[in-house]
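In what follows, a structure is listed as structure tokens, so that the remarks can point back to it.
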Amino acid sequence: MRTAYSVLLASTLAFTVCFTVWTMFGVIGIPIRRQLGLNNTQFGLLTATPILLGALMRLPLGIWTDRFGGRVVFTILLLASPVPVFLVSYANAFWEFLALGLLLGVVGASFAIGTPYVARFFDAGQRGFAMGFFGAGTTGAALNMFIAPHIIERWGWQAVPRVYAAALLVTAGIFLLFSARDPLAGVAQKPGITLAARFAVLRDWRVWKLCQYYSLAFGGFTALALWMTQYYVQEYGFDLKRAALLAACFALPAGTLRAVGGWLSDRFGAQRVTWWVLWVAWIALFLLSYPQTDFTVKTIDGPRTFHIALPPAGFTAILFALGVALAFGMASTFKYVANDFPDNMGIVTGIVGLAGGLGGFLLPILWGAVLDLIRIRSSAFMLLYGVVWVSLILIYLTEVRRYEFIERPRAAS
């Protein structure tokens, strides 16, 4: 267990740093937007581009983790990624930011490496907690919101990618020092197994159901982590530092409480946790979706005008609740993976992580396009509200009416 916890801490640190870099454009994109004169759609594309490669690389890196071991693959990733991160500081044109953002996005695939790597050091009764603890590395999004505005204020936005590139190199050294050889490295696949056989698990419909859940939980979290700083700037008129601090009220608990979601999933089952997560998200998004509204009522004393709007404190409180729900949902989804696909965790983690990453990539672009079209900032929450409806219908039809949902998981003997 000493080795297991050393691996867990080292991997979580590495994932935290990678996630900080992955969401970098959520903060530095604001001064870049002013510099280049970008519209909402272009800003959404700028912030989302790093998410794309991170999503696409999750599947192959999950497979390579099964084959070569998490320690080897994670180390290579940490040593290779600082190059495009550093080069961002020299970009000037929009296409340069997109190209380099796409390349640095590979750090987002670190989740598909660390999840199966960490899980193999723990028994089935502790995997939910272990994977939830590792997943708490998504607090890197909040860390970015704390660090980047101060660096920008003192040295300009160009200093942020330079500092982050150095942080990746330092993290690689720490990870090598405290990690351990993957117990399934080199033996995760049987000799002579074909590529088609490795992908056979993807014919299981449960994998695609988990993709839907994770595209909401992780995709929604990642997209909101990228979008909320500029939302506070535009909707409430806050400066960059204050906007980032308030946005961190969403990102920080969503990361730190993911381990709690893993523990709850171990105790009460992934189905129960996911079911209640979806209902909390449904209520929160319903409230957040309502735009600022002025309406006039004809009374006996004449017309009377009312204004309905969420104040910053109320908005942040509801956003906090949504962040907690999404954190629990991210953990419960991978409890499903550990329970249902223990022998194929690498590839299933990869495909589910790919779906979550694609959600995080597509949502900011869609939000920007819809905002340019209908000019209502809360339209971002309206769109996410519809995704929650799809997930609620899916879990009801496939699980709530089944006996597995009614029974609590048995305690480990």
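FYI, the numbering just counts along the sequence from 1.
For the atom pair CG of Leu53 and CG of Leu104, the computed distance is 9.0 Å after rounding to the nearest 0.5 Å. To the nearest 0.5 Å, the span separating CZ on Phe68 from CG on Asp182 amounts to 12.5 Å. In this structure, the separation between OH on Tyr90 and CG on Leu87 is 8.5 Å, given to the nearest 0.5 Å. Once rounded to the nearest 0.5 Å, the distance linking CG of Leu77 with SG of Cys18 reads 5.0 Å.
A donor and an acceptor atom, one from each side chain of Ser332 and Thr274, are located under 3.5 Å apart. Side-chain atoms of Gln35 and Trp157 include a donor-acceptor pair closer than 3.5 Å. Of the N and O atoms on the side chains of Ser265 and Tyr336, not one donor lies less than 3.5 Å from an acceptor on the other residue.
Ile151 and Ala159 get closest at one heavy-atom pair: CG2-CB, 3.6 Å. Residues Ile152 and Ile28 approach most closely at CD1-CG2, 4.0 Å, considering heavy atoms.
Looking only at side-chain heavy atoms (C-beta outward), Ile51 and Leu226 come within less than 4.5 Å of each other. In this structure the side chain of Asp340 reaches within 4.5 angstrom of the side chain of Arg206, judged on heavy atoms. Counting heavy atoms from C-beta outward, Ser11 and Tyr117 have side chains that approach closer than 4.5 Å. Contact check for Leu9 versus Phe178: no side-chain heavy atoms found under the 4.5 Å cut-off.
For the pair Arg33 and Phe97, the cation-pi test (distance below 6.0 Å, angle within 45°) is failed. Relative to the ring axis of Phe129, Arg267 does not place its NZ or CZ within 45° and under 6.0 Å from the centre.
Residue Tyr231 is tested with Phe238, Phe250, Phe43, Phe315 for a ring pair (Phe, Tyr, Trp, His ring centres under 6.0 Å); the sole match is Phe315. Each of Thr41, Asn40, Leu366 was checked for a side-chain contact (heavy atoms from CB on, under 4.5 Å) with Leu371, and the lone residue meeting it is Asn40. Partner of Trp389 under the ring pair (Phe, Tyr, Trp, His ring centres under 6.0 Å) criterion, chosen from Phe286, Trp279, Trp282: Trp282.
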Legend entry - Pair Leu245-Met145, side chain to side chain contact (heavy atoms under 4.5 Å, CB included): steps then yes or no: CA-CA 7 Å; Leu245 182 62; Met145 294 170 186; over 6 Å; no
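Between Asp239 and Lys241 no salt bridge is recorded (no basic side-chain N to carboxylate O distance below 4.0 Å).
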